[in-house]
Number of protein chains: 2
Amino acid sequence: MVAKVKTERRMFHNNEECPIRNVITQIGDKWSMLILFALVDGADRFNSLKSRIVGISQRMLTQTLRDLEREGYVKRTVFPEVPARVEYELTTMGLGIVKPLYQLVTWASENHEEIKRSRREYDEKIM
Amino acid sequence: MVAKVKTERRMFHNNEECPIRNVITQIGDKWSMLILFALVDGADRFNSLKSRIVGISQRMLTQTLRDLEREGYVKRTVFPEVPARVEYELTTMGLGIVKPLYQLVTWASENHEEIKRSRREYDEKIM
DNA sequence: CCGGATCCCTAGGGATACTG
DNA sequence: CAGTATCCCTAGGGATCCGG
């Protein structure tokens, strides 16, 4: 069986003490995973990321990159050129978390048709 | 190498077409994962879940359970007794998604000290 | 016991305009 | 180019009270 995530059938709840919430809360936001995946193939610059991650605003790209940097997933490098050039790349830990995330994405890809079907079915029952 | 999640270096963005966002958005909320994990060992009743998942409100437990049911992860069974008794259990698909989620949780458990360290370091640099 | 219905408040996040 | 700073609006979610 899989490892326990609870204490005596009592679930963690405090963000500080619960690794699940503590880690997933950050990655679970709107853009973090997409940015991590966008960096898997190697370093990239701000505006390149912005155009590749369709729909993200400048504000959220900056902010999420800062958060990912703070968590230790992303390394930010400023090249003192004119105009400024900034590159972002995954750290070892960033590459580390991407692996289990891919497991999830793979599962999601394989099952999201079934999930959409389940949603439709549920919604029909309600109405 | 891992499977691509992008199209020609262009990331998915639309929730309808992007399995990542489409699936993760749902379980990425505040309580879904905790509820799924709470049901791994078998079916459980509403109030039992409520006391085991410390900190969850009645409102959010109900709502999240409904969402999980709609996604197809959880089956809800009402026993026509007095007082009413309702049991929730994982479906096959619910058990399915728990596996990759555990990969993530395991990773999180192993790395969240390192992450907390990274946060402290980052915050010190800023101030 | 298991919720549904309300009220309310905050954090997340979009749009836009401005800088080194 | 790579941000910062504002404004603003909505969705998430807590607290509380009511009902089958």
Side-chain angles (χ1 to χ4, degrees), chain A residues 11 13-15 18 21-22 24-35 38-39 43-71 74-89 122 125-127, chain B residues 11 13-15 18 20-22 24-35 38-39 43-71 74-89 122 125-126:
Chain A
M11 308 296 293
H13 62 298
N14 187 324
N15 277 358
C18 172
R21 302 207 57 76
N22 199 358
I24 275 71
T25 298
Q26 176 53 40
I27 305 264
D29 69 4
K30 196 168 178 183
W31 300 108
S32 290
M33 284 183 57
L34 288 174
I35 294 177
L39 291 173
D44 202 359
R45 329 178 32 167
F46 187 86
N47 275 332
S48 171
L49 284 170
K50 179 157 163 31
S51 60
R52 287 172 59 212
I53 302 171
V54 186
I56 196 169
S57 67
Q58 198 173 42
R59 182 185 185 283
M60 289 317 295
L61 181 55
T62 305
Q63 183 175 306
T64 310
L65 280 169
R66 291 292 174 279
D67 291 341
L68 293 175
E69 190 188 356
R70 190 176 103 103
E71 299 289 291
V74 165
K75 178 159 176 283
R76 176 172 181 268
T77 312
V78 183
F79 296 87
E81 308 171 356
V82 180
R85 178 167 140 245
V86 181
E87 281 197 354
Y88 295 90
E89 60 185 325
Y122 183 93
K125 257 189 247 170
I126 302 298
M127 329 250 209
Chain B
M11 309 295 294
H13 61 297
N14 186 324
N15 277 358
C18 171
I20 316 176
R21 304 208 54 76
N22 200 359
I24 274 70
T25 297
Q26 176 53 40
I27 41 164
D29 68 5
K30 195 168 179 183
W31 301 108
S32 290
M33 284 184 57
L34 288 175
I35 294 177
L39 291 174
D44 202 0
R45 328 179 31 168
F46 186 86
N47 276 331
S48 171
L49 284 170
K50 180 157 162 31
S51 60
R52 287 173 58 213
I53 302 170
V54 186
I56 195 168
S57 67
Q58 198 173 43
R59 183 185 185 282
M60 289 317 295
L61 181 55
T62 306
Q63 183 176 307
T64 310
L65 280 169
R66 291 294 173 281
D67 291 341
L68 293 175
E69 190 188 355
R70 191 175 103 103
E71 299 290 290
V74 165
K75 180 160 175 284
R76 176 172 182 267
T77 313
V78 183
F79 295 89
E81 308 171 357
V82 180
R85 177 167 141 247
V86 182
E87 282 198 355
Y88 296 91
E89 61 185 325
Y122 183 91
K125 257 189 248 170
I126 301 298

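Chain letters run A, B, ... following the sequence lines, proteins first and then strands; every chain starts at 1.
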Student: Between atom CG in L61(B) and atom P in dA15(D), what is the gap in whole Å?
Tutor: 14 Å

Student: Can you name the residues that form a side-chain contact (heavy atoms from CB on, under 4.5 Å) with K75(B), not counting sequence neighbours?
Tutor: T77(B), E89(B), T91(B)

Student: So if I take the C1' atoms of five pairs at each end of the helix from dC1(C)-dG20(D) to dG20(C)-dC1(D) and get each local axis, what angle do the two axes make, rounded to 10 degrees?
Tutor: 50°

Student: Would you please name every residue forming a side-chain hydrogen bond (donor to acceptor under 3.5 Å, both in side chains) with E87(A), sequence neighbours left out?
Tutor: R85(A)

Student: So which nucleotide from dC2(C), dC1(D), dG3(D) ends up closest to the side chain of V86(B)?
Tutor: dC2(C)

Student: What's the spacing between L39(B) CG and L68(B) CG if we round to 0.5 Å?
Tutor: 8.5 Å

Student: Which of residues 74-84 of chain A have a heavy atom under 4.0 Å from DNA chain D?
Tutor: R76(A), P83(A), A84(A)

Student: Got a sec, which residues hit side-chain hydrogen bond (donor to acceptor under 3.5 Å, both in side chains) with R66(A), two or more places apart in sequence or on another chain?
Tutor: Y88(A)

Student: Apply side-chain hydrogen bond (donor to acceptor under 3.5 Å, both in side chains) to Q26(B) and list each qualifying residue two or more places apart in sequence or on a separate chain.
Tutor: none

Student: Would you say that L61(B) contacts F46(B) through its side chain, given a criterion of any heavy-atom pair below 4.5 Å between the two side chains?
Tutor: yes

Student: Find out whether M60(B) and K30(B) are in side-chain contact, i.e. whether some heavy atom of one side chain is under 4.5 Å from a heavy atom of the other.
Tutor: no

Student: From the set dC1(D), dC2(C), dG4(C), return the single nucleotide nearest to any side-chain atom of T62(B).
Tutor: dG4(C)

Student: Find the distance N47(A):CG to dC1(D):P and express it as a whole number of Å.
Tutor: 5 Å

Student: Would you mind reading off the distance between L65(A) atom CG and dC1(D) atom C1', rounded to a whole angstrom?
Tutor: 14 Å

Student: Strictly under 4.0 angstrom, non-hydrogen atoms only: write out the protein contact profile of nucleotides 12-17 of chain C, one letter per nucleotide from the 5' end, B, S or -.
Tutor: -BBB-B

Student: Find the distance between OG1 (T64(B)) and CD (E71(B)) and round it off to the nearest 0.5 Å.
Tutor: 11.5 Å

Student: Mind checking what makes side-chain contact (heavy atoms from CB on, under 4.5 Å) contact with V78(A), not counting sequence neighbours?
Tutor: R76(A), V86(A)

Student: Partners of S32(B) by side-chain hydrogen bond (donor to acceptor under 3.5 Å, both in side chains), sequence neighbours excluded?
Tutor: D29(B)

Student: Answer whether the closest heavy-atom distance between the side chains of I35(B) and I56(B) falls below 4.5 Å.
Tutor: yes

Student: I need the CD-P distance between E87(A) and dA2(D), as an integer number of Å.
Tutor: 9 Å

Student: Report yes if a side-chain nitrogen or oxygen of Y88(B) is closer than 4.0 Å to either non-bridging phosphate oxygen (OP1 or OP2) of dG3(C); otherwise report no.
Tutor: yes

